[in-house]
Amino acid sequence: MAKRAPYSSEADYVVVGSGSSGSIVAGRLAQSGASVILIEAGKSDDKGMHGYFTKKPGMIGPMHSEPKLERLFDWGYRSVPQPGLDGRRMPAPRGKVVGGSSSVNGMVYVRGNRANYDSWAAEGNEGWDADSVNAAFKRYEDFEDGENAYRGAGGPIKITRNKTPQEGTLQFIQATADTLGVKVLDDYNAAEQEGIARMQQNTADGLRYSSSRGYVHHLAPRTLELQTEVHVARIVVENGRATGVEVIDQGKGGGTRRFVRAGKEVILSAGFANSPQLLMLSGIGHADHLASVGIDCVADLPVGDNLHDHLFHPMSFHVPSVQYRGNAWTFFKGIAKDLARGGSFLDNSVFESVGFVRTSLAQDVPDLQLHMLPWAYPSPNQDEPIRHIPDGRPSLTVFSTLIYPKSRGTLRLASADPTAAPLIDYGFFTDPHDVEVLAEGTEMIREIMASAAFGGGVKEEIHPGPSIPNGKELRVALKNRSTSVYHGVGTCRMGIDERAVVTPDLKVRGIEGLRVADASIMPSITGGNTNAPCYMIGEKAAEIILGGVTW
Ligand SMILES: Cc1cc2nc3c(=O)[nH]c(=O)nc-3n(C[C@H](O)[C@H](O)[C@H](O)COP(=O)(O)OP(=O)(O)OC[C@H]3O[C@@H](n4cnc5c(N)ncnc54)[C@H](O)[C@@H]3O)c2cc1C
């Protein structure tokens, strides 16, 4: 079992953040016999309410639709006003609980296009090409179809498909194939991504396979110590070397500061927002920006540049054959049925299908992702932290999803206070290309939903609806309707040039004993949801640090 309190003050490795990448790098390092302290600001995901909500896949609905509940698991960040989106402040939820965002996310399991990794390698990131990262993906997977050249079996993270998809989901898959002339794929995480498919999810046997479920609780290496409700305030750098971290205990009687020493290395896995924040709080960042908030510069690096994210546009359609309605009654009925007769209502992600297709702007690879779920979605957006009431009719929601945004933004400090939220500026829609992809995707979805494959089963486009026709009006409406997919990346870019914060072996340039391993290191975002790539980054980081695979 992973060791718990009373907490130690020294280990070989100190890993900051137990999220998608952090739990994995910590688990693997500890598996090698090294002592590892894994520090997490949030609560345990193993007991009480936090345990129940993060274990049961179906609790994703209430967790994100009831703001009072969401606050218990989340950092509560929002972006600065986005001029490209009519000045909206986009919610930027991030898991604040063991498992990080992998404990609160939608469990949509997508590795990304193989070409994404080859492009990282082509920029000089040796060892990050598609074949090399395939080995890391395979190591952690336990895929229900078993092992093959692309997929892993027997690893700590189980991957399955929903066994009882809605009829409307299967019709949507056929309709997409018929309308766009793409293949129905069995496995979009293998050689080929282009096509439409049933969604894969990191859940099995009624459990969410967060990184912490797989690596902290199930793998449970003996030399891993998990410290929860401990906020890392900064990395301590002495004579150009990271020697440990200064932390603030948050639990009962908290507020005290203490030092946790790393005999070998500190690994930052605090995510796209907090890893760059912690670097800057420690004097690593743009010298002029650090000076503006009163922090002495230790290393002048482009920390916080290159922020980017996916955006999607949700469209809901009234489809009477769908069994669910977006109300509390459907939810309680589902739970009651599970309890009385056993069942799978809470065992799955809410998403049931994904596809990767091309707009007219696509170059080498599909540039549009389609997500589909058999529920209605809030309209026109879910910016306000209130309980949004979606349309009560049985519905399918299809999301036009921009996967290769050209817009770039920044992450900066608001102040030198380690507990203050950072300034998240996504720069959404600063490049007109991004509007165009989302608009074409929306127009495509309208064609799909008119397909004969539904047998007349689509009764109405609930929203955006006929008042927002294709063309110019749609492009304007997207400013108020597009929503972050919560896939922020890129703020501690990996590379070999001046734009890089970390080298291809994830070392912070110019500082000894300090690496970053999480979504922030991606030079460019992957084509698909970012959780699986972050699991891979955790595996890869451990492999690099240990000089090869030792497990
Ligand atoms: C609501 C939501 C839904 C999503 N849905 C999907 C999906 O369905 N599929 C998918 O593939 N991706 C999804 N994503 C994206 C995906 O989950 C993230 O890209 C991924 O989890 C990021 O991993 P990470 O390791 O970079 O950071 P995180 O998993 O966010 O981990 C960072 C960890 O560091 C901790 N931390 C931060 N600062 C400190 C500090 N100062 N001291 C101590 N600890 C700290 C945090 O509490 C957290 O545990 C979703 C994200 C969200 C938020």
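For ligands, and for the atoms within them, numbers begin at 1 and follow the listed sequence.
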ask   = Quick one: which ligand 1 atoms are inside 4.0 Å of a heavy atom on Val230?
value = 42 (N), 43 (C)

request  = Indicate yes or no: does an N/O atom of Val485 lie under 3.5 Å from an N/O atom of ligand 1?
outcome  = no

inquiry  = Pairs of nitrogen or oxygen atoms closer than 3.5 Å, one from Val232 and one from ligand 1: do any exist?
reply    = yes

request  = Could you pull out all residues at least two apart from Thr164 that satisfy side-chain hydrogen bond (donor to acceptor under 3.5 Å, both in side chains)?
outcome  = Asn162

key: Residue, atom name and distance, where the atom is the protein heavy atom closest to atom 5 (N) of ligand 1   = Gly106 N, 3.0 Å

request  = For salt bridge (charged side-chain N to carboxylate O under 4.0 Å, His left out), just list the numbers for Glu543 and Arg139, CA-CA rounded to whole Å, side-chain angles, deciding distance to a tenth of an Å, and then say yes or no.
outcome  = CA-CA 11 Å; Glu543 174 192 327; Arg139 273 203 300 279; 2.7 Å; yes

ask   = Out of Arg161, Gln200, Arg151, which residue meets the side-chain hydrogen bond (donor to acceptor under 3.5 Å, both in side chains) rule with Asp145?
value = Arg161

request  = Below 4.0 angstrom from a heavy atom of Gly100, which ligand 1 atoms are there? Numbered from 1 as shown, please.
outcome  = 29 (O), 48 (C), 49 (O)

query = Are a donor atom and an acceptor atom from the side chains of Thr401 and His371 found within less than 3.5 Å of each other?
reply = yes

inquiry  = Whether the Glu384 and Gln382 side chains hold a donor-acceptor pair (N or O, under 3.5 Å, no angle test) is what I'd like checked.
reply    = no

note = Here the atoms of ligand 1 under 4.0 Å from any heavy atom belonging to His231 are 41 (N), 42 (N)

inquiry  = So if I count the atoms of ligand 1 from 1 in the order they appear, which ones are less than 4.0 Å from some heavy atom of Pro93?
reply    = 53 (C)

message = Using a 4.0 Å heavy-atom cut-off, which part of Val98 comes near ligand 1: side chain, backbone, both, or neither?
response = neither

query = For ligand 1, which atoms, with element, lie under 4.0 Å from some heavy atom of Gly95?
reply = 46 (C), 47 (O), 48 (C), 49 (O)

key: ligand 1 to Gly17 polar contact by distance, N or O atoms, under 3.5 Å   = no

message = Considering non-hydrogen atoms of the protein only, which is the closest contact for atom 30 (O) of ligand 1, and what is the distance?
response = Ser101 OG, 2.7 Å

request  = Tell me which part of Ser269 gets within contact of ligand 1: side chain, backbone, both or neither, using heavy atoms under 4.0 Å.
outcome  = backbone

inquiry  = Between Thr419 and Asp417, is there a side-chain donor-acceptor contact under 3.5 Å, judged purely by atom types and distance?
reply    = yes

message = Checking Asp46 against Ser44: is there a side-chain donor and acceptor pair closer than 3.5 Å?
response = no

inquiry  = Between ligand 1 and Asn531, is the shortest N or O to N or O distance under 3.5 Å?
reply    = yes

Which segment of Val247 sits under 4.0 Å of ligand 1 when only heavy atoms are counted = neither

note = heavy-atom search around atom 24 (P) of ligand 1 in the protein gives Asp518 CB, 4.0 Å

ask   = Considering only heavy atoms of Gly271, which atoms of ligand 1 have at least one such atom less than 4.0 Å away?
value = 26 (O), 27 (O), 32 (C)

Test: Asp305 and Arg412 ion pair at under 4.0 Å = yes

Given Val25, Val98, Ile39, the one that forms side chain to side chain contact (heavy atoms under 4.5 Å, CB included) with Ser18 = Val98

query = Closest non-hydrogen protein atom to atom 50 (C) of ligand 1, residue and atom name please, with distance?
reply = Asn105 CB, 3.3 Å

task = In plain terms, say whether Lys96 and Asp74 are close enough for a salt bridge, that is, a side-chain N and a carboxylate O under 4.0 Å apart.
result = no

query = Among protein heavy atoms, which sits nearest to atom 19 (O) of ligand 1, and what does the distance come to when rounded to 0.1 Å?
reply = Thr530 OG1, 2.7 Å

message = Please state which option from Met199, His310, Glu40 has its nearest heavy atom closest to atom 49 (O) of ligand 1.
response = Glu40

Atom 21 (O) of ligand 1: nearest protein contact (heavy atom, Å) = Ser20 OG, 2.6 Å

Selected option - heavy-atom contact closest to atom 37 (C) of ligand 1, from Asn274, Ile521, Val25 = Asn274

4.0 Å heavy-atom contact, Tyr109 with ligand 1 = no

Location of contacts on Ala519 toward ligand 1, heavy atoms closer than 4.0 Å = both

key: Exercise: do Ser484 and Asp309 side chains pair donor with acceptor under 3.5 Å   = yes

message = Under a 4.0 Å threshold between the charged nitrogen and the carboxylate oxygen, would Lys138 count as salt-bridged to Glu141?
response = no

note = With heavy atoms and a 4.0 Å threshold, my read on which part of Val108 contacts ligand 1 is both

query = Looking only at side chains, do Arg208 and Ser349 share a donor and an acceptor under 3.5 Å apart?
reply = no

task = Could you pull out all residues at least two apart from Ser9 that satisfy side-chain contact (heavy atoms from CB on, under 4.5 Å)?
result = none

task = Identify which one of Asp367, Asp434, Asn116, Thr526 satisfies the side-chain hydrogen bond (donor to acceptor under 3.5 Å, both in side chains) criterion when paired with Tyr404.
result = Asn116

inquiry  = So for ligand 1, is Met107 a polar contact partner (N or O within less than 3.5 Å, distance only)?
reply    = yes

ask   = Counting from 1, what ligand 1 atoms have a heavy atom of Val97 closer than 4.0 Å?
value = 49 (O)

message = To check your reading of the model: name the closest protein heavy atom to atom 25 (O) of ligand 1, its residue, and the distance in Å.
response = Ser21 N, 3.1 Å

Pair Asp347 + Lys56: basic N to acidic O under 4.0 Å = yes

ask   = Numbering the atoms of ligand 1 from 1, which are under 4.0 Å from a heavy atom of Lys96?
value = 47 (O)

task = Would you please say whether a donor-acceptor pair under 3.5 Å links the side chains of Ser211 and Ser102?
result = yes

task = For this output row, return yes or no: ring centroids of Tyr535 and Phe137 closer than 6.0 angstrom.
result = no

Closest protein heavy atom (residue, atom, distance) for atom 51 (C) of ligand 1 = Tyr486 O, 3.4 Å

query = Does Gln277 come within less than 4.0 Å of ligand 1, judged by its heavy atoms?
reply = no

ask   = Considering only heavy atoms, which of Gln201, Lys43, His64 lies nearest to atom 1 (C) of ligand 1?
value = His64

